[in-house]
Number of protein chains: 2
Amino acid sequence: MAEGPTITTIAERAGVSIASVSRVLNGLPTRQETVRKVMAAAEELGYVRNAVARSLKSRRTHQVAFAMADVGNPAYLAMLRQIQPVLKAAGYRIVLHSTDAVVADEIDVLHSLGERYVDGLIMSPLRVTGRHLQMLATARAPVVIIGSVPEGTPVDNVRADSRTGVKLAIDHLHALGRRRIGMVNGPPDTVPGAARGAAYIEALEACGLPYDENLVQIGDFYRAEGGRAVAALLDRVPDLDALMCANDLIALGALDVLRAAGRRVPQDVAVVGMDDTDLAAASWPSLTSVSLGSAERGKAAAELLLDRLQHGEREPRVVTVPPRLVVRASTTGEEEGGT
Amino acid sequence: MAEGPTITTIAERAGVSIASVSRVLNGLPTRQETVRKVMAAAEELGYVRNAVARSLKSRRTHQVAFAMADVGNPAYLAMLRQIQPVLKAAGYRIVLHSTDAVVADEIDVLHSLGERYVDGLIMSPLRVTGRHLQMLATARAPVVIIGSVPEGTPVDNVRADSRTGVKLAIDHLHALGRRRIGMVNGPPDTVPGAARGAAYIEALEACGLPYDENLVQIGDFYRAEGGRAVAALLDRVPDLDALMCANDLIALGALDVLRAAGRRVPQDVAVVGMDDTDLAAASWPSLTSVSLGSAERGKAAAELLLDRLQHGEREPRVVTVPPRLVVRASTTGEEEGGT
DNA sequence: CAAAACACCGTAAACGTTTACAGAAATGTG
DNA sequence: CACATTTCTGTAAACGTTTACGGTGTTTTG
């Protein structure tokens, strides 16, 4: 923790100017003799370049921020897992923010871009409000949003297609002969909540199934509340034979409650989750889940950001990642499904 | 992305010197009139303090690095989840590193402390080598290690007590009447692998059970390989009646394989995991698991680091977090344990 | 051998802050 | 009103780099 060596220390020891030291360290053309002296001095002193000073001068921090709604949510984790190596390979460090989906915190993060401690930001907000859009329009560094943002917002955007995702799931359930398909959703004022709710209605109708608002129950996006929502739904609709859950955590809550109620999964009630997190494979019965490509979205977001950092201004781009239905035992596991 | 306003821009507009601007912005005593002018100018220009310049001058970055072995591992995630709010509340940002447990990467992270882009580091290495110790001794910023480090290493240290943890589990299994208790462990050259392996032998003997090396199978710390290890173990020891797994992922692999082999959990084989991750509660049967207090360790590490950052030099401290056995269905779930 | 060309190097300015110091303005005191 | 205090402000230096520019010293050229 002693005062570290600087370029000046090296210059003195090597008997050259700081400019020469800098040149040697950056590989600019220099006399062999000087290179040798500088390298030797740097080596002996254990010199390491000061990133802060370098950033100040170069106006590049080689840091990128990732603002996730919730450190605990496996979907964001899956994104992070892909973002990390892409950015690392390009020489960027990741600064992590957890906003707990609080709008004020997200605005703070956008505002803090003005501090210029990062070169760019990847953000995945749960809600997109007017203030978000306003901040995005004046952001002081490039931003990539994972999630949907209105046309014309000047940021790169990576979208999931939850509409198609829900349709895949409903079609699957319909094909299995299910006709009373309930939905447990998160708050409708969130982007995913709104999209998934609308998609559910649309998909039902595409199958020729009537939409019955009794079939829909709203909670939050977590396991405990998801379970409570399912309990309420079961009470109201005893002949329920399938459940579309707005994410995997809700689906786990559903499994808990169904098991407690003595309903067999999938024989009595088939369950589909969403996000295809690690939990889906870990649960038992394992969970059929709609993968919205969290991993792919993370990767795409990192690549978009890098591209923008390297090539500067250009049209905002939108990448849509197609969903995929991962079928597991909670819909088709007759042989091994059980109480 | 236009050139942002600086202290100089404000000074010009307000008709004062940059020193006055800085004073106002930092709340140092200033004439009311000046405060007003500066605030107004700052407001109009949308000024935000440049964190890089400030860091350079103050020699404080208000950033802390967290180096986790693997972004995908839920145990590290649990730590992160606790570290995050503690540091955030104290005004620190988190820079995330994923070292994939590669020693060279960990050394790199330690080395990069010399760049002074962070004020401190929390690191959780899987192995601690001589090079680690050497780098730790000369680290250019305070470091807190989560995991065990030899006496005398000049860093704060937060330890789990896996020895007691394993003992809790083995005692539990023994009390349930199990006598052929196998162990599936990770590599013995990792710190956790070594500790857990030794603790297993010790705990068996404390119960008066003979140690049989056939009962131990080594793999890695992941699900697939864990499953393979269990399969091998079952082949070799058909009368196995309990399994101590070195972490939850291995235990999930065990559940997969036991189910496929038609062994009932827990009736035929009881299974205990370790780390008590979210997966343990999600699996079915839910997994009895030894909590090594990942969350508590994360919190303790963050607090140690903050304390050190605020109060400077002092004796290195060691905090040990006691383990806790979380009993679930995989050892005692007769009523609902399944095929 | 003088002049031109070149290779290398050092000085100094800049990045955007904070802060020690001294000078100016305002206030208090006799 | 002269002076001593106090309060406020501006100048300049510093943090550790990068880099434009001009000056040496060496080599090439006619």
Side-chain angles (χ1 to χ4, degrees), chain A residues 1-39 41-42 45-63 112-119 140-141, chain B residues 1-39 41-42 45-63 112-119 140-141:
Chain A
M1 260 136 290
E3 293 304 313
T6 72
I7 225 182
T8 313
T9 334
I10 297 187
E12 284 165 6
R13 175 178 275 246
V16 300
S17 75
I18 61 166
S20 288
V21 176
S22 175
R23 274 187 291 256
V24 170
L25 293 169
N26 291 307
L28 297 176
T30 316
R31 194 156 48 113
Q32 209 45 41
E33 168 69 2
T34 313
V35 172
R36 215 187 33 67
K37 281 191 295 187
V38 169
M39 287 310 218
L45 292 166
Y47 173 78
V48 183
R49 238 205 228 90
N50 183 309
V52 178
R54 193 217 249 280
S55 294
L56 179 59
K57 183 75 224 218
S58 68
R59 293 150 161 284
R60 284 254 161 173
T61 60
H62 288 277
Q63 294 191 151
S112 72
L113 289 179
E115 295 181 27
R116 304 195 158 279
Y117 66 100
V118 286
D119 297 338
R140 294 250 168 82
Chain B
M1 260 135 289
E3 293 305 311
T6 73
I7 225 183
T8 313
T9 334
I10 298 186
E12 283 166 6
R13 175 179 274 244
V16 299
S17 74
I18 61 167
S20 288
V21 176
S22 175
R23 275 187 291 257
V24 170
L25 261 22
N26 290 308
L28 297 175
T30 316
R31 194 157 49 112
Q32 209 46 42
E33 168 68 3
T34 313
V35 172
R36 214 187 34 65
K37 282 191 296 187
V38 169
M39 287 309 217
L45 293 167
Y47 173 78
V48 182
R49 235 204 232 90
N50 183 309
V52 178
R54 192 214 248 280
S55 294
L56 178 59
K57 183 73 221 205
S58 68
R59 294 149 160 284
R60 283 251 161 177
T61 60
H62 288 277
Q63 294 192 149
S112 72
L113 289 178
E115 295 180 27
R116 305 198 158 279
Y117 66 101
V118 286
D119 297 338
R140 294 249 169 82

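Within every chain, numbering begins at 1; the chains are lettered A, B, ... in the order of the sequence lines, protein sequences first and strands thereafter. Note that the structure is a prediction, hence the values are computed from the model and not measured.
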- Item | Heavy-atom pair of closest approach, residues A:R13 and A:A41 | CD-CB, 3.7 Å
- Message: To the nearest 0.5 Å, what is the distance between CZ on A:R31 and NZ on A:K37?
- Response: 6.5 Å
- Message: Checking the side chain of B:T9 only, and the main-chain atoms of B:T6 only, is there a donor and an acceptor separated by less than 3.5 Å?
- Response: yes
- Message: Ignoring hydrogens, what is the shortest heavy-atom contact between A:R116 and A:T61? Give both atom names and the distance.
- Response: O-CG2, 3.3 Å
- Message: Are the side chains of A:I7 and A:I10 in contact, using a 4.5 Å heavy-atom criterion?
- Response: no
- Got a sec, which pairs hit side-chain hydrogen bond (donor to acceptor under 3.5 Å, both in side chains) with one end in residues 49-59 of chain A, sequence neighbours left out? A:N26-A:R49, A:R59-B:E3
- Item | Overall bend - the helix from C:dC1-D:dG30 to C:dG30-D:dC1, comparing terminal axes fitted on five pairs, nearest 10 degrees | 50°
- Message: Are A:Y47 and A:L25 packed together at the side-chain level, in the sense that at least one heavy-atom pair is separated by less than 4.5 angstrom?
- Response: yes
- Scan residues 28-38 of chain A against DNA chain C and write down, sorted by residue number, each residue with any heavy atom closer than 4.0 Å; if none is found, say none. A:T30, A:R31, A:T34
- Query: From the 5' end of DNA chain D to its 3' end, which nucleotides mark the outer limits of contact with chain B, defined by a 4.0 Å heavy-atom distance cut-off (strictly under)?
  - Reply: D:dC8 to D:dG16
- Item | Closest contact, heavy atoms only, A:V35 versus A:V24 | CA-CG2, 4.0 Å
- Query: Can you name the salt bridge (Lys or Arg N to Asp or Glu O under 4.0 Å) partners of A:R36, sequence neighbours left out?
  - Reply: A:E33
- Message: Looking at every non-hydrogen atom in both residues, tell me the closest pair between B:T34 and B:S20 and how far apart they are.
- Response: CG2-CB, 4.3 Å
- Task: May I ask you to list the residues of residues 8-25 of chain A, by number, that have any heavy atom positioned under 4.0 Å from an atom of DNA chain D?
- Result: A:I18, A:A19, A:S22
- Non-hydrogen side-chain atoms of A:Y117 and B:Q63 separated by less than 4.5 Å: yes
- Query: What are the two closest non-hydrogen atoms of A:V118 and A:L113, and how far apart are they?
  - Reply: CG2-CD2, 3.6 Å
